[in-house]
**Q** 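Quick one: structure below, then a few questions.
None of these values were measured; they are calculated from a predicted model. Order of listing sets the numbers, starting from 1, for every ligand and every atom in it.
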Amino acid sequence: MEKSLILIKPNAVQRGLIGEIIARFERKALHVTGLKMIQLDDALLNEHYAHLRERSFFTILKESMMVAPVVAMCVEGLDAVETVRMMVGATNSRKALPGTIRGDFSMSGEQNVIHASDSVENALIEVKRFFNEGELFEYQSAVTSFEYGGEEKARM
Ligand code: IDP
Ligand code: MG
């Protein structure tokens, strides 16, 4: 099943939003298959935000990601990557639609509460970056039949 990597950022941990954010993915019927709190470091962030290394805010962004732990989460579902990105909303939270996580919980383009993988290809890399094999769990969902239709289950 398709996996996406989510980070609940330090600003959301500080603001007490961990539970609210996890609850949204559970309610959506995405399955949580990995969950842990970790302290990020500079080396990991250089890798994770490599696409932004030339940007003026790169150092400030990395520092903001180390001021407190993050909650790393792997969720699974049909088309999970695209679905999660829609739930997260635009990078600049002021432009993110109401109903999205950034749209509902943030006013910032930088302190925007959550990271989510932006493509299936990157999700594969990011899940491996943040979770060791033994930290991900494959378990039978008791309610999949009530969450997906027959044709959808055939795609899973
Ligand atoms: P994304 O998180 O929506 O995928 P990216 O472009 O990958 O957006 O940027 C990663 C993170 O860098 C953003 O979530 C945000 O925290 C920060 N960021 C992106 N653009 C800006 C900016 O223009 N100013 C400050 N921080 C930014
Ligand atoms: Mg991104």
Side-chain angles (χ1 to χ4, degrees), residues 1-133 135-138 147 155-156:
M1 187 121 68
E2 192 169 295
K3 295 178 170 64
S4 185
L5 184 278
I6 292 163
L7 298 176
I8 301 176
K9 294 184 177 184
N11 55 83
V13 171
Q14 290 285 359
R15 291 175 55 200
L17 296 174
I18 297 171
E20 294 251 23
I21 292 172
I22 294 174
R24 290 200 172 208
F25 295 109
E26 283 195 303
R27 281 199 319 232
K28 181 68 176 168
L30 284 152
H31 296 172
V32 179
T33 57
L35 185 64
K36 64 178 178 180
M37 182 172 257
I38 44 172
Q39 174 63 48
L40 301 185
D41 61 26
D42 199 56
L44 191 68
L45 285 163
N46 281 337
E47 225 182 86
H48 184 63
Y49 283 138
H51 61 296
L52 299 171
R53 65 181 170 272
E54 307 298 340
R55 303 295 296 272
S56 58
F57 56 84
F58 183 57
T59 305
I60 293 172
L61 171 65
K62 286 194 297 175
E63 280 166 3
S64 79
M65 291 295 287
M66 294 188 282
V67 296
V70 301
V71 173
M73 195 172 165
C74 178
V75 298
E76 290 190 20
L78 196 60
D79 304 325
V81 171
E82 188 188 353
T83 306
V84 168
R85 283 294 288 200
M86 279 196 299
M87 292 173 71
V88 164
T91 304
N92 181 344
S93 303
R94 293 189 300 284
K95 303 266 163 63
L97 293 176
T100 64
I101 292 168
R102 287 169 173 166
D104 287 353
F105 295 124
S106 171
M107 278 293 284
S108 173
E110 183 203 277
Q111 303 283 302
N112 56 5
V113 302
I114 185 165
H115 164 85
S117 304
D118 65 1
S119 67
V120 174
E121 188 191 12
N122 281 339
L124 290 169
I125 296 167
E126 291 183 353
V127 168
K128 281 209 183 91
R129 179 176 296 144
F130 289 95
F131 286 95
N132 300 318
E133 249 174 56
E135 295 172 331
L136 292 171
F137 298 86
E138 297 292 336
E147 293 170 340
R155 287 180 53 209
M156 290 162 69

**Q** Can you name the closest pair of heavy atoms from Pro69 and Gln39 and give their distance?
**A** N-OE1, 3.7 Å
**Q** Taking heavy atoms and a distance under 4.0 Å, where does Thr91 meet ligand 1: side chain, backbone, both or neither?
**A** both
**Q** Please state which protein non-hydrogen atom is closest to atom 24 (N) of ligand 1 and give its distance, to 0.1 Å?
**A**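 For atom 24 (N) of ligand 1, the nearest protein heavy atom is Phe57 CD2, 3.5 Å.
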**Q** Of the backbone atoms (N, CA, C, O) and the side-chain heavy atoms from C-beta on, which set of Arg85 has a member under 4.0 Å from an atom of ligand 1: side chain, backbone, both, or neither?
**A** side chain
**Q** Please tell me if the side chains of Thr100 and Met86 come closer than 4.5 Å, counting only heavy atoms from C-beta onward.
**A** no
**Q** Within the 4.5 Å heavy-atom criterion, are Leu30 and Met87 side-chain neighbours or not?
**A** yes
**Q** Could you tell me the residue and atom name of the protein heavy atom closest to atom 12 (O) of ligand 1, and the distance to it rounded to 0.1 Å?
**A**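 Going atom by atom, the protein heavy atom closest to atom 12 (O) of ligand 1 ends up being Leu61 CD2, 3.2 Å.
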**Q** Side chain, backbone, both or neither: which part of Asp118 comes within less than 4.0 Å of ligand 1 when only heavy atoms are counted?
**A** neither
**Q** Which is it for Gln111 and ligand 1 at heavy atoms under 4.0 Å: side chain, backbone, both or neither?
**A** neither
**Q** Do the side chain of Arg27 and the main chain of Arg24 share a donor and acceptor less than 3.5 angstrom apart?
**A** no
**Q** Charged N to carboxylate O under 4.0 angstrom, Asp42 versus Lys62?
**A**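 Salt bridge present between Asp42 and Lys62.
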**Q** Who's the nearest protein heavy-atom neighbour of atom 16 (O) of ligand 1, and how far?
**A**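 Closest protein heavy atom to atom 16 (O) of ligand 1: Glu110 O, 2.8 Å.
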**Q** I need the atoms of ligand 1 closer than 4.0 Å to a non-hydrogen atom of Lys9, numbered in the order shown.
**A**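 Listed by number with element: 13 (C), 14 (O), 15 (C), 16 (O).
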**Q** Short list, please: which atoms of ligand 1 are under 4.0 Å from a heavy atom of Leu52?
**A**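 It comes down to these atoms of ligand 1: 9 (O), 10 (C), 12 (O).
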**Q** Is a donor on one side and an acceptor on the other found under 3.5 Å between the side chain of Glu2 and the backbone of Ala80?
**A**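 Checking the backbone N and O of Ala80 against the side chain of Glu2, a donor-acceptor pair under 3.5 Å is found.
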**Q** Starting from atom 15 (C) of ligand 1, locate the nearest protein heavy atom and write down its residue, its atom name and how far away it is, to 0.1 Å.
**A** Gly109 O, 3.3 Å
**Q** Heavy atom to atom 5 (P) of ligand 1, shortest distance: which of Arg102, Met65, His51, Arg55 holds it?
**A** His51
**Q** With Glu126, which of Lys3, His115, Glu121 fulfils side chain to side chain contact (heavy atoms under 4.5 Å, CB included)?
**A**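 Between Glu126 and the candidates, side chain to side chain contact (heavy atoms under 4.5 Å, CB included) is satisfied uniquely by His115.
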**Q** For Leu5, is there any backbone N or O sitting under 3.5 Å from a side-chain donor or acceptor partner on Ser117?
**A**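 Such a contact is found between Ser117 side chain and Leu5 backbone.
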**Q** Under 4.0 Å from a heavy atom of Asn112: which atoms of ligand 1 are those, numbered in the order shown and with their elements?
**A** 13 (C), 14 (O), 15 (C), 16 (O)
